[in-house]
There are 2 protein chains.
Amino acid sequence: MTIKMSDIAKAAGVSLATVGRVLHNNGYVSEEKRQEIERIIKETGYIPNRIAQGLKKSRSKIIGHLTLFNPNMQYQEISSAVNAAAAESGYQVLTLTCHQGSGEEEQQINDLIGHRVDGVIITSYQALSQEWIGRLLERQIPVVMVERTYDMPLVDRIVVNDLAGSKEAVRHMLHKGHRRIAFVGAALDYQVEKDRYAGYLEALKEAGIVPLEQWSQLMPGYSVEAGRKAIDELLHARVSPTAVFMTSDIFACGVLQVLYERGLRVPDDLSLIGYDNTLSALLSPPITSVGLPFEKIGDHAIRLLLRRMEDPGVSACSVGIDPFLMDRHTVRERQEEQSL
Amino acid sequence: MTIKMSDIAKAAGVSLATVGRVLHNNGYVSEEKRQEIERIIKETGYIPNRIAQGLKKSRSKIIGHLTLFNPNMQYQEISSAVNAAAAESGYQVLTLTCHQGSGEEEQQINDLIGHRVDGVIITSYQALSQEWIGRLLERQIPVVMVERTYDMPLVDRIVVNDLAGSKEAVRHMLHKGHRRIAFVGAALDYQVEKDRYAGYLEALKEAGIVPLEQWSQLMPGYSVEAGRKAIDELLHARVSPTAVFMTSDIFACGVLQVLYERGLRVPDDLSLIGYDNTLSALLSPPITSVGLPFEKIGDHAIRLLLRRMEDPGVSACSVGIDPFLMDRHTVRERQEEQSL
DNA sequence: GTGAAAGCGCTAACAC
DNA sequence: GTGTTAGCGCTTTCAC
């Protein structure tokens, strides 16, 4: 049998309430008894039963995190940041990792509700429809969405300024003298990808460049294979690009593989910039990538959740996060005369 | 207010017990009432409160998973597999990710105990001393260790047959005609690394080869940087190797970077095999790697936990898992006359 | 077939 | 300063 509060009380010859006062450090307890109770707690290694606390207080002190399994590591990074931030506020995180398109949503949402989580963070969960989120809201469970968000009342959002991120990346290429710049991204079904594509187009527009249609490779999803296909197309373009901006490091993996096979070098033969700043550091060569401040994202997510727990009716807010460019020198300097 | 069992009972005009019988599908309930109760449950979207269930049954239906944050993705894979296996048995997983050497252990163990997890899976947690594991055992919480294990009574283990894995990798190189084969691993503080090194040595011994001391690069830890340093040493060896076996894909990242910088190609100039089969598929070129069957590991971990929950006194057992060689053709065929 | 009731371990309002 | 007590939502034994 595990030791419980009443055991402590009995051993110390006091009531449950007094033990409770010592544990929560509130109310008056004589110094003498306090010492004695603390001694017994330490000695017996008593740890309060969170389940009982949860039942009593209608707070589980557990936060749910719905995320995707993904070969890229950004979700792992966010998950880690969320865990750390939650722990600081005395919460634990129940992470449910969904495999895209698996139809596990209902079960997962029910599991979270069943455990009476105090809030839910949804990270880049493309597959999760508003209906499921509604199930949480009905029950007054605060929800924060990260990166791929819906504009729903009562749902707070953390929005990465992807337009600025991709614009900065493409501008970096422009400053280095590139004018034939290609884009590799996923289908424009989601806001993130729309923004990243818009950033690309805007930066070019500022420079007075109209990109060839062939230079925009919009792939069905994020994968190494998609990266391979994209670069294959680009290398066969009527006018081939001198630089390629990709909306995910996972595309970069495929791109680098094809270049490697053909004996083309980065940045000598082609300049590259990726996105997420996760895998990019591990590749050959390590590539410049747009990075996200993961800890900041985790902190904000928890903060928004806590805010809404205190005041469930507060109107939804949207926190903007600025990405940064992690330069690993994979954009080559080009001379004027070389440009198109 | 969330809806609860008594609400269902009231709406159906029956007692709590009858609703309970319907929910758990045991005991006799008239078909009529059953239908009515089921209808109301569906209509109201009632979801049982796991916290109350947990308190009553002294079972949280939560399993703890202690793991490491790591740029390699093996833990993410294992985590995913554990989640899936747990879900199949009606459990959820509370994953606590530790950053090596951070001293978070006590807090994390206490959190798990506080939540009264029904069992704990410990994955490759080099930093976790037996003392902390003892805290769990004292409380009769079943523990399964994966990969880096201690030989403790009542602790079940999942042991990867790393000796066989690395032996197979090195034999593969030998079959292809290599005789100058180098080893890049982490310090031999842990059994995994000892086994992997032993497999390397045994395979060479079988072939009657005595490796140069310089060919064994035992690095302080797993990192890209360590991979870079190791290959640097190997390229400057008195007699340079034609093939390199690495105990982690993360080393391969660094190795490939250095080779790339020097214009050396894989497998033309150097043959490579990695370990874990995670990052290896993403690199340029994708490299042959020793892979672990992650789902199997997750399944076994959960199975062992469930077994011990039923029968806490059962003697500790150790499940062996065989790795496999994922061939991506990064070991070049060598002619006889080229060998040493 | 169905219901009443005790109690899981803890919290907090209230009484002394 | 300290103790008593009424639940939190559910399970399950026992009685009818």
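Every chain is numbered from 1 and lettered A, B, ... according to where its sequence line falls, protein lines coming before strand lines. What you are looking at is a predicted structure, and each value in this text was computed from that prediction instead of being measured.
- Side-chain N/O atoms of B:Arg116 and base N/O atoms of C:dG9 include no donor-acceptor pair closer than 3.5 Å.
- Remark: A:Lys61 does not engage A:Asp118 in a salt bridge, criterion side-chain N to carboxylate O under 4.0 Å.
- If you check D:dT2, C:dG1, D:dT4 against the side chain of B:Tyr28, the one that comes closest is C:dG1.
- Considering only side-chain N and O atoms, A:Tyr46 lies nowhere under 4.0 angstrom from the phosphate OP1 or OP2 of C:dG9.
- In summary, B:Arg39 and B:Glu36 engage in a salt bridge, as defined by a charged side-chain N under 4.0 Å from a carboxylate O.
- For C:dG9, its base never sits under 3.5 Å from the side chain of A:Lys56 at any donor and acceptor pair.
- Salt bridge A:Glu131/A:Arg135: present, at least one basic N to carboxylate O contact under 4.0 Å.
- For A:Leu55, counting side-chain heavy atoms from C-beta on, the closest listed nucleotide (C:dC10, C:dT2, D:dC8) is D:dC8.
- Residue B:Lys57 is classed as a sugar-phosphate contact, given heavy-atom separations below 4.0 Å to backbone atoms only.
- For A:Val29, taking side-chain heavy atoms from C-beta onward, the closest of the listed nucleotides C:dT11, D:dT2, C:dT2 is D:dT2.
- Using a 4.0 Å cut-off, some side-chain N or O of A:Lys4 falls inside it from OP1 or OP2 of C:dG9.
- At the phosphate of D:dT11, OP1 or OP2 sits under 4.0 Å from a side-chain N or O atom of B:Gln53.
- The side chain of B:Thr18 places no N or O atom within less than 4.0 Å of a non-bridging phosphate oxygen (OP1 or OP2) of C:dT2.
- With hydrogens and angles ignored, no donor-acceptor pair closer than 3.5 Å exists between the side chain of A:Arg34 and the base of D:dG1.
- Side-chain proximity of A:Arg21 to the nucleotides C:dC10, C:dC14, C:dT2 is greatest for C:dC14.
- How far CD of A:Glu295 is from CD of A:Glu77: 7.5 Å, rounded to the nearest 0.5 Å.
- Within the 4.0 Å cut-off from OP1 or OP2 of D:dT2, at least one side-chain nitrogen or oxygen of A:Ser30 is found.
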